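It should be emphasised that the depicted structure is a prediction, and the values quoted were computed from it without experimental measurement.
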Number of protein chains: 2
Amino acid sequence: MLRQTITIKDIARELNISVSTVSRALRDTFDVSPETKHLVLEKAKELKYKPNFNARGLSQGRTNNIGIILPFITNYYFSTVITGIQKIAYEFNYNIILYLTNDSEERESLIMSNLTLSGLDGILISTCASNYDHIHEVIDKGIPVVFFDRTNNLDASKVVQDDYNGAFEATAHLISQGFMNIAHITGPKDQMFTQNRLNGYLNALEHHRIPIRKELIIHNGFSQECGADDLKNLMEETNKPDAIFAVNDRKAIGAMVQLKKLNIQIGRDFGVVGFTNDPICTLITPTLTTVSESAFDIGRIACELLLKHIQKDNLPSTEEILPGELIIRESSIRSTGDLQ
Amino acid sequence: MLRQTITIKDIARELNISVSTVSRALRDTFDVSPETKHLVLEKAKELKYKPNFNARGLSQGRTNNIGIILPFITNYYFSTVITGIQKIAYEFNYNIILYLTNDSEERESLIMSNLTLSGLDGILISTCASNYDHIHEVIDKGIPVVFFDRTNNLDASKVVQDDYNGAFEATAHLISQGFMNIAHITGPKDQMFTQNRLNGYLNALEHHRIPIRKELIIHNGFSQECGADDLKNLMEETNKPDAIFAVNDRKAIGAMVQLKKLNIQIGRDFGVVGFTNDPICTLITPTLTTVSESAFDIGRIACELLLKHIQKDNLPSTEEILPGELIIRESSIRSTGDLQ
DNA sequence: TTGTAGGCGTTATCAC
DNA sequence: GTGATAACGCCTACAA
């Protein structure tokens, strides 16, 4: 344990030149002679010099850290988004700092109010909030923010999947399979992506002149358990649904588990469609029809966008919408009724 | 966009006191009068003062950042470990910086050789390496390191699950169900946890006087696809296995997918046991017997341990082994043969 | 092309 | 109890 820290001073001393020259050589600025630069780089390698990020950050006003704020990482979608973010961040020499809100608005607000420009060059966020004061506060501080997945109506850059069209197609597909009483089990009302998927569902029904039945639309949490509960409640209606479009795969799977318990043949007698394309869709029986989201690309693009905002101060906000794709599997096809 | 940064100087000026007093008051040191402290705290809140971490880190030589280095986050185990780490880190006001190695030793080495004490107070790592030079290098720099899950024989603190006993129990369970030709599909040989699970498997066989057949032990990657491939290869043996103990649930599931294609009745005719207790175990048909790992606790405990090492310079290394638990489900029980 | 000096925001070491 | 002042390591005018 030596804790010896090599600084540019050490290099300067050994080479009998000034620290500013060393600093310039290391940063590859134009105004330093090739020989000096070479000497400095050699010596730096020899001494195993590593820059001190605190010092650099302090003098330059930046840190090369970007923050990611999101509800969870224990699911396919978010962990894949992060992987996409990480790829870009790593390429451009940025570190990512992870903050988990646990889907708590209070927690999210608390985390953000403690963030400073001194600790973070920018933020990527999938917000769970319905009130945006804390986000405004951060933006006002001058910290670049890019939203992904769960956004809002603030003027900021966003990267999302095409929730509306995905939901429209999913619902239209169920209709095309002859399902007439399609329920929608979804999340809290105040989420933007939830609203978009709901609208896709509603417009698909309208478009096919199927009457909308409010009692078939259930707002609840996003978890598998919530999906199971929602289905249970729906099946207690006098006029039961014959299909479900779920806001995500988790809830769809919760519903499937419940349907199996009720001995209802998924596919043949009851259509189920999810959203995300979690790998589990192909493993569960019957396999689950869903709308795929390009989670990795969303992370990648969001990070690229954030880096642009960090580099250029007043870059106008942009909104990127990535198309989804309906992936038809057994859970929504009537002819494969005797699988399960 | 104001980018106005409030510093202790601003507070000092407004209150007509010195910066050192402000600094003391904010840090709650004993030698400052209650009134002054009160005034400072009030003013800090009024001006929305936030400390500059770069400056603090520079003068104190620490950052309140800890690094997590692991292969992936897109699976249940690792994402849950991180969630555990995050909980503790957040409580103690530490940020976590995420590095993904993609299971590449080269990448891991590259990442670590760029880490410095100036950027990180400590490191939590699940290593994919077989050569530990880069890890030694970091430890020699004086950066505290705690290993979790994938460890090695270095003298450092470790937090792992009880791989040996979990594997022993899993194998013994298959034997108790009457399976006699139990294969083991696992990962690369040079991983410690892989070795431990292999040893548990081998000793369980020995203990029940079942001859060990080397051709039933397959080293390959950790993915679901590898599991499917392994099974395919095993079934081409003249003396086929009648059960599999997989090093993790992913591989077990890959094997199950393949068994289904071959129309082999899992449970009744072929036993399968995994390791991890990924939630998918209860969703797949038939449900998968497995050894549960306390992923969240491993993260929690590893982080707590790291913080202790950060606080106390020469704390002796400790090794924490968390017990697993065999969770018996359909895939290993002969009597439920006609599920699937 | 190189060197000098001041500053980034905070903490620590002295005096007072 | 409080206030100067010098670090911490690096960057960046400005001067040479």
Visitor: Select one nucleotide: of dG9(D), dT2(D), dA13(D), the one nearest the side-chain heavy atoms of Val32(B).
Guide: dT2(D)

Visitor: Check whether any side-chain nitrogen or oxygen of Arg56(B) sits under 4.0 Å from OP1 or OP2 of dT11(C), and answer yes or no.
Guide: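 Yes.
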
Visitor: Starting from P on dC10(D), measure out to CZ on Arg62(A) and report it in whole angstrom.
Guide: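 Those two atoms, CZ and P, are 15 Å apart.
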
Visitor: Nearest whole angstrom, please: distance from the C1' of dG9(D) to the CG of Leu26(A).
Guide: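 Rounding to the nearest Å, CG of Leu26(A) and C1' of dG9(D) are 12 Å apart.
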
Visitor: Closest heavy-atom contact between Gln191(A) and Cys128(A)?
Guide: NE2-CA, 3.4 Å

Visitor: Kindly say whether the aromatic ring centers of Tyr99(B) and Tyr94(A) come within a distance under 6.0 Å.
Guide: no

Visitor: Look at the side chain of Ser23(B) and decide which nucleotide, out of dG3(C), dT11(C), dC10(D), has an atom nearest to it.
Guide: dT11(C)

Visitor: To the side chain of Arg24(A), which of dC14(D), dT2(D), dC10(D) is closest?
Guide: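 Of the options given, the side chain of Arg24(A) lies nearest dC14(D).
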
Visitor: Looking at side-chain heavy atoms only, is the closest gap between Ser317(B) and Lys158(B) below 4.5 Å?
Guide: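 Side-chain contact under 4.5 Å: no.
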
Visitor: Look only at the side chain of Thr29(A) and the backbone of Asp31(A), and say whether a donor-acceptor pair between them is shorter than 3.5 Å.
Guide: no

Visitor: Does a side-chain N or O of Thr7(B) approach OP1 or OP2 of dG9(C) to a distance below 4.0 Å, or not?
Guide: no

Visitor: Determine the contact category for Tyr49(A): base if any of its heavy atoms lies under 4.0 Å from a base atom, sugar-phosphate if only primed atoms, P, OP1 or OP2 are that close, otherwise nothing.
Guide: sugar-phosphate

Visitor: Could you check which of dC10(D), dG3(D), dT10(C) has an atom nearest any side-chain atom of Ile8(A)?
Guide: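 Nearest listed nucleotide: dC10(D).
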
Visitor: Once you round it to whole Å, what is the distance between C1' of dG9(C) and CG of Asn52(B)?
Guide: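 Computing the Asn52(B):CG to dG9(C):C1' distance gives 5 Å.
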
Visitor: Take the protein atom CG of Asn54(B) and the nucleotide atom P of dA7(D), then report the distance between them rounded to whole Å.
Guide: 21 Å

Visitor: A side-chain contact here means heavy atoms from C-beta on lying under 4.5 Å apart; do Phe147(A) and Ser126(A) qualify?
Guide: no

Visitor: Taking CG from Leu39(A) and P from dT1(C), how many angstroms apart are they, rounded to a whole number?
Guide: 15 Å

Visitor: Using only heavy-atom distances, decide whether a donor-acceptor pair under 3.5 angstrom links the side-chain of Ser20(A) to the base of dA5(C).
Guide: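 Side chain to base: no pair below 3.5 Å.
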
Visitor: With nearest nucleotide decided by heavy atoms, which residue, Asn16(B) or Gln60(A), maps closer to the 5′ end of DNA chain D?
Guide: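 Per heavy-atom nearest nucleotide, the more 5' residue is Asn16(B).
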
Visitor: Would you say a side-chain N or O of Lys9(B) is under 4.0 Å from OP1 or OP2 of dC8(C)?
Guide: yes

Visitor: In terms of side-chain heavy atoms of Leu58(A), which of dG9(D), dG3(C), dT10(C) is nearest?
Guide: dG9(D)

Visitor: For the side chain of Thr36(A), counting heavy atoms from C-beta on, which of dC11(D), dT2(C), dT10(C) is nearest?
Guide: dT2(C)

Visitor: Ser59(A) side chain: which of dG3(D), dG9(D), dT4(C) is closest?
Guide: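 Closest nucleotide to the Ser59(A) side chain: dG9(D).
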
Visitor: Could you tell me the separation between the CD1 atom of Ile11(A) and the C1' atom of dT2(C), rounded to a whole number of Å?
Guide: 17 Å

Visitor: By the 4.0 Å heavy-atom rule, please label Arg27(B) as base, sugar-phosphate, or nothing.
Guide: sugar-phosphate

Visitor: Side chains of Glu137(A) and Ser113(A): is there a donor and an acceptor less than 3.5 Å apart?
Guide: no

Visitor: Looking for any heavy atom pair under 4.0 Å, which part of the strands does Asp31(B) touch: base, sugar-phosphate only, or nothing?
Guide: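 Contact class for Asp31(B): base.
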
Visitor: Please confirm whether any donor atom in the side chain of Ser33(B) sits under 3.5 Å from an acceptor in the base of dT2(D), or the reverse.
Guide: no

Visitor: Could you state the atom-to-atom distance from CZ of Phe53(A) to C1' of dC8(C) in whole Å?
Guide: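 Value for this atom pair: 18 Å.
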
Visitor: Quickly work out the Asp28(B) CG to dT11(C) C1' distance and round it to whole Å.
Guide: 16 Å

